[in-house]
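Accompanying notes for the structure given below.
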Amino acid sequence: MISITYYGHSSFLLEVSGKKLLFDPFITPNSLAKDISLQDIFADYILVSHGHEDHVADVISIANRCQSTLVSNFEITQWFHKKGVEKYHPMNIGGSWSFDFGKVHMVSAVHSSSMPDGSYGGSAAGFVLEFDHKTIYFAGDTALTLDMKILAQKFSIDLAFLPMGDNFTMGIEDAALASEWIACKNIIGMHYDTFGYIVLDQEKATSFFEKKAVHLQLLSIGSTIQF
Ligand code: NI
Ligand code: MN
């Protein structure tokens, strides 16, 4: 069983095999997540898809307090190491590593990546995580890309986190097509409503996915589900 908690935007906490994995923490600057207390969040690992502020804002404070291991691309781990993050594991696209909770594959995303101070952030990425009985895809920020078809060939994805707020990433239609290309029937939406550019028509999204016989979940911030 995997427990999944939503902290808004693209930030999720996965609890699996007794470990807590936090994705793309952007909580304190997000007014929609004002009821989430950062101090209550514990992470053994922080996985970061790319360097943009809306994916890394709370990395330093959580990593320092929890002694979390930062898992991201080489450039991002180096940038945070210089800022005092002690534990980190650098990866790059195409690579895999077995951690104590499961195996992580860093996969491609079509997006940009720079650090909050403007320095180079390497390539934006997504993650595929293979746990004991489940395989999960966290797409990060990305456009629809043919590379997603590789994921269907290599993995049997049980659950996928897909951005769908449009403007900076895929919108509803492309995210639905992505779910076909990765051959996954369980989707959790992310990267919507946080800013004016990415307001999601939730009814439209839900019915669009329904027509494709794909189960879309748009979690309320602070809620936890079991998968
Ligand atoms: Ni971004
Ligand atoms: Mn973003």
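Order of appearance sets the numbers: ligands from 1, and atoms from 1 within every ligand.
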- Taking the six-membered ring for Trp and the single ring otherwise, decide whether the centroids of F26 and H55 are under 6.0 Å apart. no
- Item | Residue that, paired with F138, satisfies side chain to side chain contact (heavy atoms under 4.5 Å, CB included) out of L162, L47, D24 | D24
- Task: Taking the side chain as every heavy atom from C-beta outward, state whether M190 and F23 have any pair of such atoms under 4.5 Å apart.
- Result: no
- Query: Which angle, to the nearest 10 degrees, do you find at the Ni ion (ligand 1) between NE2 in H50 and ND1 in H52?
  - Reply: 90°
- May I ask you to decide if H111's main-chain N or O and D141's side chain share a donor-acceptor pair within less than 3.5 Å? no
- N, O or S atom of H55 closer to the Ni ion (ligand 1) than 2.8 Å: no
- Check: K20 side chain, D44 main-chain N or O, donor-acceptor pair, under 3.5 Å: no
- With the Mn ion (ligand 2) at the center, what angle do NE2 from H55 and NE2 from H191 span, rounded to 10 degrees? 100°
- Task: Rounded to the nearest 10 degrees, what's the angle OD2 of D141 makes with OD2 of D54 at the Mn ion (ligand 2)? Could you check?
- Result: 180°
- Query: To the nearest 10°, what's the angle at the Ni ion (ligand 1) between atoms NE2 (H111) and OD2 (D141)?
  - Reply: 90°
